Peer 1: 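One structure coming up, written as structure tokens, with questions to follow.
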Amino acid sequence: MNMSIRLENVNYIYGEGTGQEKWALKNINLTLHDNEFVGIVGHTGSGKSTLTQLLNGLEKPSSGQIFYNEQDIQGEGFSKKELRQKVGLVFQYPEHQLFEVSVIKDVEFGPRNLGLNNLEIEKRSFDALKQAGISDDLLDVAPFALSGGQKRRVAIAGVLAMQPEVLILDEPTSQLDPIAASDFLNTVRKINTELGTTVIITEHRLEDIFP
Ligand code: ADP
Ligand code: MG
């Protein structure tokens, strides 16, 4: 399997044509490969979150092209739905993506949407929760009652249950204390090495990703 994501001269401008243009990304050229563990570092407002949303097709570049396995993701006939399954994104604020009544229901949501059978949904969800480091006693807990670190892990489990090729984490450690952050990064490294998932992490400082 030779996965690649390639950005060619990508620009992103918020509010284009409104007279309030805001350049978020300027002429980005970048290639991401299989099994890589990539850090994207920059201060607030440098365009990290915008970039993550372009990578999985949530937003469309103002100009330039993005290729997934050398296919233009804006091209006719290209399935964005499939792309979002293959390129999973955990948002900067994970509470934005947790909405079910319990941890297990939240994680099962994605695979259920794929139309898998119950046995497969259960298996994927349990495996994903384990890989994300969530213990069984939290399965019936409401996501809003979890700590910041646990919420991030549940959000990751929800993405892993889709069995993505790429896992994108937008500033995952910024709200965590140093011990939780280091634990969290160990979990992500294991996902990269043991599952072979490509991992892309954005942070403020390089030391946050590669201490
Ligand atoms: P980062 O994640 O690195 O903090 P962002 O991608 O969120 O950066 O933002 C990049 C730039 O785009 C910033 O200048 C920000 O103010 C601007 N921006 C982000 N979201 C919007 C929006 N919805 N409308 C207008 N400008 C935005
Ligand atoms: Mg951001």
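Quantities reported herein were computed from a predicted structural model and do not represent experimental measurements. Whatever order the structure lists ligands and atoms in, that order sets their numbers, starting from 1.
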Peer 1: Please determine whether the number of non-hydrogen atoms from other residues, nucleotides or ligands lying under 6.0 Å from atom CD of E70 exceeds 12.
Peer 2: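 Counting other residues, nucleotides and ligands, CD of E70 exceeds 12 neighbours.
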Peer 1: If you leave out waters, which protein N, O or S atoms are less than 2.8 Å from the Mg ion (ligand 2)?
Peer 2: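 Within the sphere that stays under 2.8 Å of the Mg ion (ligand 2), the protein atoms of type N, O or S are S49 OG, Q92 OE1.
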Peer 1: Within this structure, what is the CD1-CG distance for the pair I168 and L89, rounded to the nearest 0.5 Å?
Peer 2: 5.5 Å
Peer 1: Quick check: are there more than 12 heavy atoms from other residues, nucleotides or ligands sitting under 6.0 Å from CD of E95?
Peer 2: yes
Peer 1: So, taking the atom named CD in E171 and the one named CG in L176, what distance separates them when rounded to the nearest 0.5 Å?
Peer 2: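 Going from the CD atom of E171 to the CG atom of L176 covers 11.5 Å.
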Peer 1: Take atom NE2 in H96; do more than 12 heavy atoms of anything else shown fall under 6.0 Å from it?
Peer 2: yes
Peer 1: Quick one, F91 and T52 - any side-chain contact, counting heavy atoms below 4.5 Å?
Peer 2: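 No; the side chains remain at least 4.5 Å from each other.
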Peer 1: Contacts table for ligand 1: protein N or O within a distance under 3.5 Å of ligand N or O, distances only.
Peer 2:
unit_1	atom_1	unit_2	atom_2	d
ligand 1	2 (O)	S49	N	2.9
ligand 1	2 (O)	S49	OG	2.9
ligand 1	3 (O)	S46	N	3.2
ligand 1	3 (O)	S46	OG	3.4
ligand 1	3 (O)	G47	N	3.1
ligand 1	3 (O)	K48	N	2.9
ligand 1	3 (O)	K48	NZ	2.8
ligand 1	4 (O)	G45	N	2.7
ligand 1	6 (O)	T50	N	3.0
ligand 1	6 (O)	T50	OG1	2.5
ligand 1	8 (O)	G47	N	3.1
ligand 1	14 (O)	K22	NZ	3.4

Peer 1: Roughly how far, to the nearest 0.5 Å, is CZ of F210 from CZ of F37?
Peer 2: 5.5 Å
Peer 1: Quick check: are there more than 12 heavy atoms from other residues, nucleotides or ligands sitting under 6.0 Å from NZ of K130?
Peer 2: no
Peer 1: Within a reach of under 6.0 Å around OH of Y93, are more than 12 heavy atoms found that belong to other residues, nucleotides or ligands?
Peer 2: no
